[in-house]
**Q** 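Got a structure for you, questions after.
Both counts, for ligands and for their atoms, begin at 1 and track the order of listing. Values in this document were obtained by computation on a predicted structure and should not be read as measured data. Excluded from the calculations below are hydrogen atoms, water molecules and symmetry mates; all remaining heavy atoms, backbone and side chain alike, are included.
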Amino acid sequence: MNGSIRKTNNSVGVAAGGAEIAVKTTGLTKKYRRGDGEFAALSNVDLTIERGEFVAIMGASGSGKSTLLHLIAGLTRPTSGSVEVEGKRIFDCGDRELTIFRRRRLGVVFQSYNLIPHLTAEENILFPLRADGRDVASTLEKMRGLSAELDILQQLGQYPDSLSGGQQQRVALARGLCADPAVLLADEPTGNLDWTSGQNVCRVLNKLNREEGRTIALVTHEPAVAVWARRVVVLSDGEIAADMSTSEFSDASALAARYQEIARRESRSN
Ligand SMILES: Nc1ncnc2c1ncn2[C@@H]1O[C@H](COP(=O)(O)OP(=O)(O)O)[C@@H](O)[C@H]1O
Ligand SMILES: [Mg+2]
């Protein structure tokens, strides 16, 4: 361990009453049945994300990244442990209350984009607002600005099946961002993008984080994406293997080197 590794339970600097905490998981565990027994996709994860943080969650395939994000979004219930988002213990809510909370407070971008096939790109982007009965007219300008930044302005009238994978991914991201969520949770939002559009998405997220103070947690296995975040949490077999500040790394290759080192250490200890 060196100075760059943070203790995940450390809540020093957090205002009393949790006012500055966006997300807090405590003893978060998710077990699935496997064969005759069960295995933990996520094991006892304590993770605190402060308001305004930009966190990248990295880890090998199957390490529990999507499980963690889905639990934070309240899309699946934990086997044990708790999740607080913006001060609310989300699993103490009923399903309906949780759905409304998610719609109002979270932007969730899935690995599979989950676009509604019979709605155009624009209608998809505005769908969470409409579903919540919110005024869409006042958001149109913002929606167009966001679409221009994500380079999907020309595609707004198209249906999902006429869009490329990368375009669908950016429509899903615009949908996640349009309602001004307190926390954006994005699962591999650059997974289907070429280098240039992937870096452009990172630039947009970085701007939202720096200029609007938007809290972002994004899953990625690409160091070139993770290096845009201010903090990197590495999962290994459902546990936090490292929690680092990206200020420690001069560039993406320095982060990649450390990430590989962590992966090697983890594979030796398993
Ligand atoms: N619904 C499920 N039922 C059984 N096993 C699951 C389910 N969802 C995920 N898993 C398993 O949990 C582990 C972690 O999955 P996941 O969180 O999707 O990993 P990652 O996103 O890091 O690739 C994997 O071994 C995966 O097969
Ligand atoms: Mg995943």
**Q** Got more than 12 heavy atoms from elsewhere within 6.0 Å of CZ, R144?
**A**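 Check fails, neighbour count at 12 or below.
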**Q** Tell me which protein heavy atom sits closest to atom 18 (O) of ligand 1, plus the residue, atom name and distance to 0.1 Å.
**A**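 Result: S66 CB, 3.7 Å.
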**Q** For R134, look at atom CZ and say whether over 12 heavy atoms of other residues, nucleotides or ligands are found less than 6.0 Å away.
**A** yes
**Q** Does NZ in K207 sit with more than 12 non-hydrogen atoms of other residues, nucleotides or ligands closer than 6.0 Å?
**A** no
**Q** Considering the options R51, K24, R104, which one meets the side chain to side chain donor-acceptor pair (under 3.5 Å) requirement together with E86?
**A** R51
**Q** What atoms in ligand 1 come closer than 4.0 Å to a heavy atom of G64?
**A**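 Checking each atom against G64, I get 14 (C), 17 (O), 19 (O), 20 (P), 22 (O).
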**Q** Please report the interatomic distance CG(L184) to OG1(T215), rounded to the nearest 0.5 Å.
**A**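 Going from CG on L184 over to OG1 on T215, the span is 9.5 Å.
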**Q** Is there a donor in the side chain of N114 and an acceptor in the side chain of S112, or the other way round, less than 3.5 Å apart?
**A**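 Side-chain D/A pair, N114 to S112: present.
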**Q** So, S66 and D187: side-chain donor and acceptor under 3.5 Å apart, yes or no?
**A** yes
**Q** Compare G59, G62, A41, A40 and give the one whose heavy atom is closest to atom 20 (P) of ligand 1.
**A** G62
**Q** List the closest protein heavy-atom neighbour of atom 26 (C) of ligand 1: residue, atom name, distance to the nearest 0.1 Å.
**A**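 It is F39 CZ, 4.5 Å.
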**Q** To check your reading of the model: name the closest protein heavy atom to atom 2 (C) of ligand 1, its residue, and the distance in Å.
**A**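 Answer, as residue, atom name and distance: Y32 CE2, 3.3 Å.
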**Q** Does any N/O atom on R33 come nearer than 3.5 Å to any N/O atom on ligand 1?
**A** no
**Q** So if I count the atoms of ligand 1 from 1 in the order they appear, which ones are less than 4.0 Å from some heavy atom of A60?
**A** 22 (O)
**Q** What residue and atom, counting heavy atoms only, is the protein's closest point to atom 27 (O) of ligand 1, and at what distance?
**A** R34 NH2, 4.2 Å
**Q** Would you call G238 a ligand 1 contact, heavy-atom distance under 4.0 Å?
**A** no
**Q** Any N/O/S of S61 under 2.8 Å from the Mg ion (ligand 2)?
**A**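 It does not: S61 brings no N, O or S atom closer than 2.8 Å to the Mg ion (ligand 2).
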**Q** Starting from atom 17 (O) of ligand 1, what is the nearest protein heavy atom, named by residue and atom, and what distance separates them?
**A**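 I find the closest protein heavy atom is T67 OG1, 2.6 Å.
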**Q** Hey, what's the ring geometry for Y32 with F39, parallel, tilted or perpendicular (30° and 60° as the breaks)?
**A** tilted
